[in-house]
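Whatever order the structure lists them in is the order used to number ligands and atoms, beginning at 1. Since the model is a prediction, treat every value here as computed from it, not as a measurement.
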Amino acid sequence: MVISMKLGATREQVEHVCKRIEDFGYKVHSIRGEERVVIAAVGSGDVTHCVESLQAAPGVESAVRISAPYKLVSKQYQAEKSRIRVDSATIGGDDFVVIAGPCSVESEKQILTTAHAVAKAGAKMLRGGAFKPRTSPYDFQGLELEGLKLLRRAREETGLSIITEIMSDKDVELVAEYADMLQVGARNMQNFALLKSLGKAGRPVMLKRGLSATIKELLMSAEYVVAHGNPHVVLCERGIRTFETATRNTFDIGAVPVLNELTHLPVILDPAHATGKSALIPPLARASVAVGADGMMVEVHPCPEEAFSDGAQSLTIEQFNTMMEDILPYIKLWKDVRAAAALARA
Ligand code: PEP
Ligand code: MN
């Protein structure tokens, strides 16, 4: 349920409504917007009875049952897009945030060379896996702690914020110590123990859409993190599994406008994992800006041929530079459109 209080509702009225909600067995999350107080009631109980009762309570403008099972991440709960601060970068704000780096952290030279190059080309965040979710147990599994330390070094040298994957709830404290943002990979989108533990991680989370997950399931997973105490979540569309075999996955770019209608969480796109082919990234990068995403994640490697993982979808440094120049006019347009929309709302 989402309860919108009337403009000028008193504190006593808000407290009364919160108490009623709790009496019905729900948990209260309230936000105080610039104009009015909005309350979300989360949990299970007699929804119909509760809604009718609240509609009759003093100071209540509206009480609606949300048919979708996600609440805290919904647009009804918060109409404005969330701005997620990740150290020096903000996702969901006035910038189209480019996250770049290798699939895996492989060596000091590899990560530092990449970090300096992508920072120079305008990336705001550095990616690189230290814990790698590989289909085969015989494939490179990541440098783990050593990889985290190398990412820290890259951060110190370049000022880039660091995002890296977390695979287990047991590693939250460790990875959060080194990373500015924690990435939940597609394979772990429904690792509910992990999602719950991220509620208390103290770091923003980027949640990637599962290989065969619906948009509703993605939002339900985000709801887990938010409901457990961490509202700083960014969603990432990285391709889904379909009957098509020409690309590694099928890039569901339509997920962006759909998500922008359903949720206030920022959305970024990952054309690298979506297609598996570096040649397809530049055109899809342009499309990612144009479709209204809040940013993009791409893989970059100084020598893709020698990459320990995902070389075929990794851009060389030169290709990354060209792509960044190529998307500049699109980003300018993106900024103009956002500024015009903000003016129209004001
Ligand atoms: C990654 O970002 O390197 C990765 C493993 O992505 P995904 O979880 O989307 O496959
Ligand atoms: Mn990868």
For [atom], what is the nearest protein heavy atom, given as residue, atom name and distance?
atom	value
atom 3 (O) of ligand 1	R127 NH2, 2.8 Å
atom 8 (O) of ligand 1	A186 N, 2.7 Å
atom 4 (C) of ligand 1	H273 NE2, 3.4 Å
atom 9 (O) of ligand 1	R238 NE, 2.6 Å
atom 5 (C) of ligand 1	E165 OE1, 3.8 Å

Neighbour count >12 (heavy atoms, 6.0 Å) for atom CD, E35: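 No, the 6.0 Å shell around CD holds no more than 12 heavy atoms from other groups.
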task: Please indicate whether E80 has more than 12 foreign heavy atoms, meaning atoms of other residues, nucleotides or ligands, lying under 6.0 Å from its CD.
output: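 Not buried by this count: 12 neighbours or fewer within 6.0 Å.
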message: Please determine whether a side-chain nitrogen of the Lys or Arg among R203 and D87 lies less than 4.0 Å from a carboxylate oxygen of the Asp or Glu.
response: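 No.
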- prompt: Among M297, M181, M206, which residue meets the side chain to side chain contact (heavy atoms under 4.5 Å, CB included) test with M125?
  reply: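 Answer after filtering M297, M181, M206: M181.
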Which of the atoms in ligand 1, numbered in the order shown and given with their element, are less than 4.0 Å from a heavy-atom of [X]?
X	result
E299	3 (O)
K132	3 (O)
G185	8 (O)

field: salt bridge (Lys or Arg N to Asp or Glu O under 4.0 Å) assessment of D169 paired with K196
entry: CA-CA 8 Å; D169 54 323; K196 285 180 193 173; over 6 Å; no
- request: Consider every N or O of K208 and every N or O of ligand 1, then say whether any pair is closer than 3.5 Å.
  value: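 Right, the criterion is met.
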query: Hey, is ligand 1 close enough to C103 that some N/O pair sits below 3.5 Å?
result: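 No, C103 has no N/O under 3.5 Å of an N/O on ligand 1.
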- request: Identify, by name, the N, O or S atom of D310 lying closest to the Mn ion (ligand 2).
  value: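 The D310 atom nearest to the Mn ion (ligand 2), restricting to N, O or S, is OD2.
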field: E299, N/O/S atom nearest the Mn ion (ligand 2)
entry: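 Restricting E299 to its N, O and S atoms, the minimum distance to the Mn ion (ligand 2) goes to OE2.
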- prompt: How close do Q319 and S314 get, heavy atom to heavy atom, and via which atoms?
  reply: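 Answer, listing the atom of Q319 first, then S314: OE1-O, 4.2 Å.
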- prompt: Among the heavy atoms of R209, does any lie under 4.0 Å from an atom of ligand 1?
  reply: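 In this structure, R209 fails to qualify as a contact of ligand 1 - no heavy atom is under 4.0 Å.
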query: Once the angle between the rings of H49 and F24 is folded into 0 to 90°, is it parallel (under 30°), tilted (30 to 60°) or perpendicular (over 60°)?
result: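 Perpendicular, since the angle between the ring planes exceeds 60°.
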ILVMFWY network linking V2 to V17, side-chain heavy atoms under 4.5 angstrom: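 Different clusters: V2 never reaches V17 through Ile, Leu, Val, Met, Phe, Trp or Tyr contacts under 4.5 Å.
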- prompt: Is there a donor in the side chain of H273 and an acceptor in the side chain of Q313, or the other way round, less than 3.5 Å apart?
  reply: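 Judged by distance alone, the side chains do pair up.
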